[in-house]
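Atom set for the values below is all heavy atoms of this structure, side chains included, hydrogens, waters and symmetry mates excluded. On a predicted model such as this, the values are computed, not experimentally measured, just so you know.
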Amino acid sequence: MTELSKNFEPQQTDNKWYAHWMEKGYFYSTPDHREPYTIVIPPPNVTGVLHMGHALNNTIQDILIRRARMQGKNACWVPGTDHASIATEAKVVGMLRERGIAKSSLSRDEFLSYAWEWKEKYGGIILQQLKKLGCSLDWKRTSFTMDPDYYASVIKVFIDLHKKGLIYRGKRMVNWDPMSQTALSDEEVIFKEIDSKLYYVQYLLTDGTGSITVATTRPETILGDVAICVNPTDERYTGFVGKEVIVPIINRKIPIIADEYVTADFGTGALKITPAHDKNDNMLGAKHGLKAIDTLDATGKFSSAELMDDAPSELVLSYNGIDRFELRKRIAEDIGALGQIQKIEDYKGQVGTSERTGAVIESKLSLQWFIDMQAFLEKNPEALESVMDDTIRFHPAKAKNTYNHWLENIKDWCISRQLWWGQRIPAWYDAERRFVVAATEAEAIAMFQEQFSISNAQLKQDEDVLDTWFSSWLWPMEVFKGISNPGNIDAAYYYPSTTLVTGQDIIFFWVARMIMAGYEYGNEQPFKDVYFTGMVRDKQGRKMSKQLGNSPDLLALIEQYGADAVRFGIMVSSPAGNDLMFDESALEQGKNFNNKLWNALKLLKMWEGRSNVDGQESTTESNFAVDWFANRLNQVKAEVNTLMDQFKLSEALKTIYSLIWDDFCSWYLEWVKPGFEQPIDAAVYQETIGYFTELLQLLHPFMPFISEEIYHLLDERADDLCVKLYAPLIPADEQVITDGELLKKVITALREARVKNNIKPKEPIQLFIQTAVKDRYRLLENILMKQVNASSIEVSDTFTQQGISLTVDTDKFLIISSQPIDTNAQKEALVKDLEHQQKFFESVGKKLSNEKFVANAKPEVIELERKKQADAAARMQAIEESLAELV
RNA sequence: GGGAGCAUAGCUCAGUUGGUUUAGAGCAUCUGCCUUACAAGCAGAGGGUCCGCGGUUCGAACCCGUGUGCUCCCACCA
């Protein structure tokens, strides 16, 4: 027997076991006759590092996949990363800048070779970090959304959807990120409340009869104004409609028009129309036949390029190159100098920002590629139906509402991005901007021949790449090459996947689109269950963020507490779909739990050499304890199964924790513990080892390292817990469970009596019991004696001595000790208990004498109330007898 | 502005179709113990107007209405 350390030392065991599991290839999966259980990881950004959100998400996936593996399913958890177009490109640009290289000085190919170099070097660190957490991923299947096959599948889907008329190219108002200089989808825009100012700008009428004042938050766009709009019912302005005003500074003459869109009671009731810079203005401009004048360039700086018709002044030209926010101040000042700013008010408004860069979004008219989502959904109505009718089950179900709302109000998806890192859009243009969509230039040339009768066309490929989510939505299929090589063995076996575990925040970005793609390309659901995790917050409920500095270093925590303790801490307080309030004290609890397990092991190791193989017969206390725990274990295993099937992982873990700590360690081990330096019965010892093994197996999905370690220390063996199959469930014997509960209750009550009467633990007592179920107590006697330190137990019909009396259920107990008895305190306690019982008895009695209750309640409920009443009566009688015996 | 959700012990949460609930657990707190696996522990205890108000019902933490307070999602009233 090797010497066991005082406490469990995870740092030494975690890496050892992970390496061992890898070496054995336990995480690798290939199709076979077994039922598959498939999870595809939500691919983290290739540039990412492990944070609390990942830890929560991946711990859950690992628990599910490990359990499936031990249930005999063919468990396959596919790892991988996402190329994360914007985020990665930004990182590479930053890296180049540090080296003194500007992106603009590079060709596309040069830039991409730097990007790949960077990806190879730094990408996927996060996957290595997942190993520290114990994640049992099938590393041979590691995928990347820019792998050659994956890339090809994305192009294939683009071409296919274009052919089906679901993808179109058009000039629309898009969300423009001036920092990364690309269009974004609506989902990538986050609205934030920002303090700004409302400027009241006066526009003079051309006929010299006065002016109209407009309230705007964006004076920098004034030079692009093409009209002033008022509500037709607004009496203040009835005389104005049809007249013209002069735009300050640029001196353009623009009409005053009327449209019901304008709300009279906001600002001055007059709205300036700038179709190039606002979605609603653009809509109004189109409706009223107004042109759009764009005064900002792609980087958000002023550009006079579209102002040439207005013969711009020196002042206007001097704005060129000024950033939009600086420009706002400048123009406001310059209009102020003209005396045409009436007032400036503080104003808090919603401003769209880029999810990735945080830059304030500009609405910009731009030629982009879109998916007609409405048409897509009409073609695939199952995408909505499957979720609403629980063909795809959402956990928690309330996420269905969110999903439903989004799909019912779905808008077109802008999928082109003005970036280089990503799948390049397979559209080919000639000099006259005619285009075809084709996978290769050769195909495109052939198509030009066919469509436009142009041979050997000189073509250029679209410069843009696709939105990252346009590749992610194929993830569950394409990790098995289901798009690039449809119907292959892996795809047929593993797809649709079993469970998806992801954050609620990407329900639209990702989950909804995967479901849509699933029905379009495979005509079935991509997964059966979706488990949504909440957000990880600090214990004050704040989001974790770099600015607040409240985001713990996960690897440091693993180093400090061990991976199992971290997993425990995360899981113990994270119900499905609810935010996780991360608190380091939960990790402490996890560490303590490790230690508890470790000490149980140490205890068994002490018994190992002292088991009595051929000696005395098993004692009855051991028999009952062994019998009880076997049943208790079966009972809890069934409970855990139910909880796991309902995805109540946190509850399941707490249930296992309590089974191990309370039932196994506090009760069972104490019940079978032999006297000091006494041998333990060999059969009992063997059973105990078996129970501990089963407990470790139950715990393994949650805490894989320590369970594997103890499993091997408990008994030298060749197999591993990691792949040990769960035994079939056996129903528990209720009578044995009930007897065990009674025993616990009696022990607790007697201990309480000892404490209250100042009987020292070491002082033995004599115990007398009056009970109607003598046989049951005979079974429990020896354990009871040991647990309450009784020198004798006598089951009799009457008590003949004075002592401390108490009742448990309807059984009466009398304790005789050398301590002097405080009769008054005894009486007081009994009277208090009696009063309590009486109150209860009366309330039940009241209920039972209520005719309406007896008439309306279900028979079994009435029966129950009768039983409660009878029990209370019996208890009252027992207490009264005890009181009478007290002189 | 529209929609969804939540409110139970100091904290984090369970509580299945209303009746085995006189509302439970973990953590924290308090008391006593270095008892021969474990003081990172053991034994025991205290702690709740189930957010307020009204209603339905024989019976409500649970169902309905309403008020209050939080959270999230959607929506560019300039």
Side-chain angles (χ1 to χ4, degrees), chain A residues 4 6-8 175 186 189 191 198 214-218 229 261-263 265-274 278-281 347 349-352 361 363 396 398-399 401-402 404-406 409 504-505 507-508 534-535 539 541 572-575 577-581 583 585-586 588-589 591-607 646 648 650-651 654-655 657-658 661 665-666 669-670 673 675-677 748 751-752 754-756 758 760-762 789 836-837 839-840 843-844 847 850-858 860-865 867-868 872:
Chain A
L4 294 173
K6 184 172 186 299
N7 295 321
F8 177 58
N175 308 298
D186 291 346
V189 178
F191 285 90
L198 198 53
V214 167
T216 179
T217 55
R218 305 201 56 199
C229 190
Y261 170 80
V262 180
T263 46
D265 41 0
F266 185 89
T268 63
L271 171 69
K272 72 187 197 68
I273 307 288
T274 321
D278 185 281
K279 262 183 202 163
N280 292 310
D281 287 15
Y347 182 75
Q350 298 281 317
V351 173
I361 294 300
S363 281
K398 66 182 177 190
N401 291 329
T402 316
N404 182 49
H405 184 260
W406 189 74
N409 298 285
Q504 286 163 323
D505 51 333
I507 186 167
F508 310 134
M535 198 173 292
K539 64 176 169 184
V572 80
S573 59
S574 65
N578 277 11
D579 287 351
L580 163 65
M581 307 288 178
D583 187 346
S585 69
E588 196 73 39
Q589 198 188 343
K591 198 171 124 188
N592 294 350
F593 186 37
N594 275 340
N595 200 41
K596 189 71 185 176
L597 289 160
W598 191 249
N599 278 299
L601 169 72
K602 276 161 64 180
L603 180 63
L604 295 203
K605 282 285 148 188
M606 276 179 57
W607 293 347
Q646 294 170 339
K648 292 181 177 175
S650 182
E651 290 291 304
K654 285 185 213 171
T655 304
Y657 173 84
S658 168
W661 197 302
C665 293
S666 294
L669 289 180
E670 294 299 331
K673 191 186 253 179
F676 184 52
E677 303 216 315
T748 303
R751 279 175 178 166
E752 185 191 344
R754 291 187 66 122
V755 168
K756 288 208 167 137
N758 293 316
K760 295 245 154 39
K762 281 185 176 163
N789 191 17
H836 185 72
Q837 290 301 322
K839 247 172 97 183
F840 178 63
S843 85
V844 176
K847 210 179 212 180
N850 182 337
E851 282 173 31
K852 287 181 177 171
F853 171 72
V854 181
N856 293 322
K858 282 181 269 181
E860 58 266 34
V861 172
I862 297 169
E863 193 48 48
L864 197 67
E865 293 298 319
K867 190 174 178 300
K868 280 195 214 168

Original post:
Any chance CD of A:E860 has more than 12 other-residue heavy atoms, nucleotides or ligands included, within less than 6.0 Å?
Top reply: yes
Original post:
Nucleotide by nucleotide, 5' to 3', does protein get under 4.0 Å of the base (B), only the sugar-phosphate (S), or neither (-) in nucleotides 15-25 of chain B, counting heavy atoms?
Top reply: S---BB-B---
**OP:** Would you mind telling me which of B:A40, B:G44, B:A39 lies closest to the side-chain atoms of A:K6?
**Re:** B:A39
Original post:
Between B:A28 and B:A9, how far is it from one C1' atom to the other, in whole Å?
Top reply: 11 Å
Original post:
Between B:C72 and B:C30, how far is it from one P atom to the other, in whole Å?
Top reply: 35 Å
**OP:** Report the distance from atom NZ of A:K596 to atom P of B:A37, rounded to the nearest whole Å.
**Re:** 11 Å
Original post:
Angle class for the A:W406/A:F508 ring planes (parallel below 30°, perpendicular above 60°, tilted otherwise)?
Top reply: parallel
Subject >> Who pairs with B:C70 - Watson-Crick or G-U, where each distance is under 3.5 Å >> reply: B:G5
Original post:
Across the strands shown, which category fits A:V262 at heavy-atom distances under 4.0 angstrom: base, sugar-phosphate, nothing?
Top reply: base
Original post:
When rounded to the nearest Å, what value does the distance between P atoms of B:G69 and B:G10 take?
Top reply: 22 Å
Original post:
Between B:C58 atom P and A:E851 atom CD, what is the distance in whole Å?
Top reply: 13 Å
Subject >> Out of B:A78, B:G26, B:C38, whichever nucleotide has its closest atom nearest the side chain of A:N595 >> reply: B:C38
**OP:** May I ask you to verify if any side-chain N or O of A:N592 is less than 4.0 angstrom from the OP1 or OP2 atom of B:G41?
**Re:** yes
Original post:
Quantified in whole Å, what is the C1' atom distance between nucleotide B:G26 and nucleotide B:G15?
Top reply: 15 Å
Subject >> Derivation and outcome, salt bridge (Lys or Arg N to Asp or Glu O under 4.0 Å), residues A:E863 and A:K867 >> reply: CA-CA 6 Å; A:E863 193 48 48; A:K867 190 174 178 300; over 6 Å; no
Original post:
Do you know the tightest heavy-atom contact between A:I862 and A:V854?
Top reply: CD1-O, 3.3 Å
Original post:
Can you tell me how far C1' of B:C38 sits from NZ of A:K602, to the nearest Å?
Top reply: 7 Å
**OP:** Look at the side-chain N and O atoms of A:K673 and state whether any lies under 4.0 Å from the OP1 or OP2 oxygen of B:A37.
**Re:** yes
Original post:
The side chain of A:S666 lies closest to which of these nucleotides: B:A37, B:A78, B:A43?
Top reply: B:A43
**OP:** Can you tell me, in whole Å, how much space there is between the P of B:A14 and that of B:C51?
**Re:** 14 Å
**OP:** Mind checking A:W607 for me? I need base, sugar-phosphate or nothing, with any heavy atom below 4.0 Å counting as a touch.
**Re:** nothing
**OP:** Could you give the distance separating B:C13 and B:G44 at their P atoms, to the nearest angstrom?
**Re:** 29 Å
**OP:** Pick base, sugar-phosphate or nothing for A:F593, based on heavy-atom distances below 4.0 Å to the nucleic acid.
**Re:** nothing
**OP:** State, without any angle test, whether A:D583 and A:S585 hold a side-chain donor-acceptor pair at a distance under 3.5 Å.
**Re:** yes
**OP:** Rounded to whole angstrom, note down the P distance from B:G5 over to B:A25.
**Re:** 30 Å
Original post:
Just by distance, do the side chain of A:N789 and the backbone of A:K762 share a donor-acceptor pair under 3.5 Å?
Top reply: yes
**OP:** Could you say whether A:E588 or A:N401 is positioned toward the 5' end of RNA chain B, judged by the nucleotide with the nearest heavy atom to each?
**Re:** A:N401
Subject >> Nucleotide B:C38, atom C1' - distance to CG of A:L4 in whole Å >> reply: 13 Å
Original post:
When rounded to the nearest Å, what value does the distance between C1' atoms of B:G59 and B:U17 take?
Top reply: 16 Å
**OP:** Would you classify A:C665 as touching base, sugar-phosphate or nothing, given that sugar-phosphate means primed atoms plus P, OP1 and OP2, and contacts are heavy atoms under 4.0 Å?
**Re:** base
Original post:
What does B:A43 pair with, Watson-Crick or G-U, if both distances are under 3.5 Å?
Top reply: B:U31
**OP:** Grab the OH-P distance between A:Y657 and B:A14 for me, whole Å please.
**Re:** 18 Å
Original post:
Does A:T655 reach the main-chain N or O of A:E651 with its side chain, forming a donor-acceptor pair under 3.5 Å?
Top reply: yes
**OP:** Using whole Å, report how far CH2 of A:W661 lies from P of B:A43.
**Re:** 10 Å
Original post:
What is the distance, rounded to the nearest whole Å, between atom CG of A:L580 and atom P of B:C11?
Top reply: 18 Å
Original post:
With respect to the phosphate group of B:A78, does any side-chain polar atom (N or O) of A:Y347 fall under 4.0 Å of OP1 or OP2?
Top reply: yes
Original post:
Which part of the nucleic acid, if any, lies within contact of A:N850, taking any heavy atom under 4.0 Å across all strands shown: a base, the sugar-phosphate backbone alone, or nothing?
Top reply: sugar-phosphate
Subject >> A:V755 side-chain proximity, nearest of B:A43, B:A78, B:A37 >> reply: B:A43
Original post:
For the side chain of A:E651, counting heavy atoms from C-beta on, which of B:C13, B:C42, B:A37 is nearest?
Top reply: B:C13
Original post:
Side-chain donor or acceptor of A:E670 under 3.5 Å from a matching atom on the base of B:A43?
Top reply: no
Original post:
Contact class for A:T748 vs. all strands (heavy atom < 4.0 Å): base, sugar-phosphate, or nothing?
Top reply: sugar-phosphate
Original post:
So how far is it from A:F593 CZ to A:E588 CD, rounded to the nearest 0.5 Å?
Top reply: 15.0 Å
Original post:
Across all strands, who's sitting opposite B:G65 as a Watson-Crick or G-U wobble pair, both distances under 3.5 Å?
Top reply: B:C53
**OP:** Specify the closest pair of heavy atoms between A:K602 and A:L4, including all atoms of both residues, with the distance to one decimal.
**Re:** CG-CD1, 3.7 Å
Original post:
Are a donor atom and an acceptor atom from the side chains of A:K272 and A:T274 found within less than 3.5 Å of each other?
Top reply: yes
Subject >> d(CE, A:M581; P, B:C70) in whole Å >> reply: 15 Å
Subject >> Distance-minimising heavy-atom pair for A:E865 and A:V844 >> reply: O-CG1, 3.3 Å
**OP:** Find which nucleotide of RNA chain B each of A:Q350 and A:F266 is nearest to by heavy atoms, and output the residue with the more 5' nucleotide.
**Re:** A:Q350
**OP:** Mind checking A:T263 for me? I need base, sugar-phosphate or nothing, with any heavy atom below 4.0 Å counting as a touch.
**Re:** base
**OP:** Scan every strand shown for a Watson-Crick or G-U wobble partner of B:U20, both distances under 3.5 Å, and answer none if you come up empty.
**Re:** none
Original post:
Checking all strands, does A:E863 fall into the base, sugar-phosphate, or nothing category for heavy-atom contacts under 4.0 angstrom?
Top reply: nothing
